[in-house]
Amino acid sequence: MATGTEHRPDGGGVRAPGRAAITAAHLRTDRWWLAPAGTAAGLLAFVVYSTWRAFANTDYYASPYVSPFYSPCLAHNCQSMRGGPNADLFGSWWGISPAVIILVFPLGFRLTCYYYRKAYYRGFWASPPACAVAEPHRKYSGETRFPLILQNLHRYFFYAALLVAGVLTYDTALTFRDEHHEWGHMGLGTLVFLANIALIWAYTLSCHSCRHIVGGQLKHFSRHPVRYRAWRLVGRLNARHMQLAWASLLGVALADLYVYLLASGVFDDPRFF
């Protein structure tokens, strides 16, 4: 037998009987580990930043801008935002940051996203580390057991993500006011928020669940021309789902950071008109 394909004792996972008898961990000679390592580093950086900002409970509103991490603000202890999406649905008994209430929906949407599953399965769990690289786990049950069976909630998180994106669109419209709530103004923050909401909508609509909802159950496209065109549009977005996932993740973090810098007095929002 060729080198690296000698018989070796049976085991579990990729070492189970019937699998290719390759003793080497892998036969790749490229730097395959760079992609999962970079993915893990990027996701970890966002988790650390978003956790800090979510529990900070401060510097999330600088009129007319509100951090996307805190919108809609549904707790009694929310900072007053004139015309903003804030409502006292959670009374004075809620003592921690109001961001915790709303972030569960967009984060749940991303956590169960098909692309992000691949990303953090490979980056953090090495399942598998990369294509043609054996994973170290002896057993594999897919997503049929708890907690991974909860990944099936993705389609429901998609509906919640649509509502959140709608609220953030309203927030973006409010950025055409000045600090005195007068309309007809535009600042640098307006461009930041416009870019952020464009990326959020592109990522949300590129979701596999959205593609299935639009046209996945159609048997005759010719009988549904409008849905067929919508399905093709979503399909083109879906082909860029990975890029949109990262771009929108960076966009929402930068939008929050911009509001934080304004609210903490680091600089004033440059105005165009």
Run the disulfide (SG to SG under 2.5 Å) test on C78 and C73 for me, step by step, so that the C-alpha distance in whole Å, both residues' side-chain angles and the decisive distance to 0.1 Å come before the verdict.
CA-CA 6 Å; C78 288; C73 205; 2.0 Å; yes
With rounding to the nearest 0.5 Å, note down the distance linking CG in D178 to OG1 in T175.
12.0 Å
Is it true that L168 and L163 fall in one hydrophobic cluster, defined by side-chain heavy atoms closer than 4.5 Å?
no
Atom CG in L233, atom CG in L205: separation rounded to 0.5 Å?
8.0 Å
Sub-3.5 Å donor-acceptor pair from the side chain of R117 to the main-chain atoms of Q151, do we have one?
yes
Are the side chains of W231 and R211 in contact, using a 4.5 Å heavy-atom criterion?
yes
Is there a path of hydrophobic side-chain contacts, each under 4.5 Å between heavy atoms of I/L/V/M/F/W/Y residues, joining F46 to I200?
yes
Please find the pair of heavy atoms, one from T172 and one from F193, that lie closest to each other, and give the distance.
OG1-O, 3.7 Å
With a 4.5 Å cut-off on side-chain heavy-atom distances among I, L, V, M, F, W and Y, is there a chain of contacts connecting F55 to V47?
no
Below 6.0 angstrom between ring centroids: does that apply to F109 and F157?
no
Hey, does I96 have a side-chain heavy atom less than 4.5 Å from the side chain of W94?
yes
Are L162 and Y116 connected into the same hydrophobic cluster when the rule is that any two of I, L, V, M, F, W, Y join if their side-chain heavy atoms are below 4.5 Å apart?
yes
Less than 4.5 Å apart, any side-chain heavy atom of F90 and any of P98?
no
Taking the six-membered ring for Trp, are the ring centroids of Y260 and W52 within less than 6.0 Å of each other?
yes
Judged by atom type as modelled, is there a donor-acceptor pair below 3.5 Å linking the side chain of R53 to the main-chain atoms of T58?
yes
Any chance you could lay out the side chain to side chain contact (heavy atoms under 4.5 Å, CB included) test for N77 and N57, step after step, and finish with the verdict?
CA-CA 9 Å; N77 59 354; N57 196 18; 4.1 Å; yes
Side chain to side chain, P128 and V133, heavy atoms closer than 4.5 Å:
no
How many angstroms lie between atom CG of D171 and atom CE of M81, to the nearest 0.5 angstrom?
7.5 Å
List the atom of I102, the atom of S71, and the distance in Å for their closest heavy-atom pair.
CG1-O, 3.8 Å
For Y115 together with H208, are the ring centres under 6.0 Å from each other?
no
Can you check whether F267 and Y258 have ring centres sitting under 6.0 Å from each other?
yes
If we only count heavy atoms from C-beta on, is the W33 to R31 side-chain gap below 4.5 Å?
yes
Minimum heavy-atom distance between M186 and L191, given as atom pair plus value:
CE-CD2, 3.0 Å
Side chains of L249 and L43: does their closest heavy-atom pair fall under 4.5 Å?
yes
Flag for S92-H76: side-chain donor and acceptor within less than 3.5 Å:
no
Measure the OG1-CG distance between T204 and L199 for me, rounded to the nearest 0.5 Å.
10.5 Å
Rounded to the nearest 0.5 Å, what's the gap from CG on N86 to OH on Y61? Could you check?
8.5 Å
Between SG on residue C113 and OH on residue Y203, distance to nearest 0.5 Å:
3.5 Å
Do the side-chain N and O atoms of Y121 and E135 include a donor-acceptor pair separated by under 3.5 angstrom?
no
Does atom CZ (F124) have a neighbourhood of more than 12 heavy atoms from anything else shown, all under 6.0 Å?
yes
Begin from the C-alpha positions of W125 and Y120 and carry the test ring-ring contact (aromatic ring centres under 6.0 Å, His included) through to its verdict.
CA-CA 7 Å; W125 298 345; Y120 65 79; 5.7 Å; yes
Closer than 3.5 angstrom, by distance alone: can the side chain of R177 be matched with the main-chain N or O of E182 as a donor-acceptor pair?
no
When hydrophobic residues are tied together by side-chain contacts of less than 4.5 Å, even through go-betweens, does Y156 share a cluster with V167?
no
Would Y70 and S97 count as a side chain to side chain contact (heavy atoms under 4.5 Å, CB included) if you check the C-alpha gap in whole Å, the side-chain angles of each, and the deciding distance to 0.1 Å?
CA-CA 9 Å; Y70 286 80; S97 171; 3.3 Å; yes
Look at the side chain of D269 and the backbone N and O of G189, then say whether any donor-acceptor pair between them is shorter than 3.5 Å.
yes
Between the side chains of Y60 and D256, does any donor sit under 3.5 Å from an acceptor?
no
Shortest non-hydrogen contact from L103 toward A54
CD1-CB, 3.6 Å
May I ask you to test the I197-Y170 pair for a side-chain heavy-atom distance under 4.5 Å?
no
May I have the step-by-step check of ring-ring contact (aromatic ring centres under 6.0 Å, His included) for Y114 and H154, ending in yes or no?
CA-CA 9 Å; Y114 294 143; H154 179 61; 5.4 Å; yes
Give me the atom names and distance for the closest heavy-atom approach of C210 to F158.
CB-CZ, 3.4 Å
Looking only at side-chain N and O atoms, does S248 offer a donor or acceptor that is under 3.5 Å from a partner on R110?
yes
Atom CZ of R28 with >12 non-hydrogen neighbours under 6.0 angstrom
yes
Less than 4.5 Å apart, any side-chain heavy atom of R122 and any of C131?
yes
List for me each residue that meets side chain to side chain donor-acceptor pair (under 3.5 Å) alongside W201, sequence neighbours excluded, and say none if there are none.
T169
List the atom of P64, the atom of L174, and the distance in Å for their closest heavy-atom pair.
CB-O, 3.4 Å
Looking at R271 and E179, is any side-chain nitrogen of the basic one under 4.0 Å from a carboxylate oxygen of the acidic one?
yes
Heavy-atom count around N152 CG within 6.0 Å, excluding the residue itself: above 12?
yes
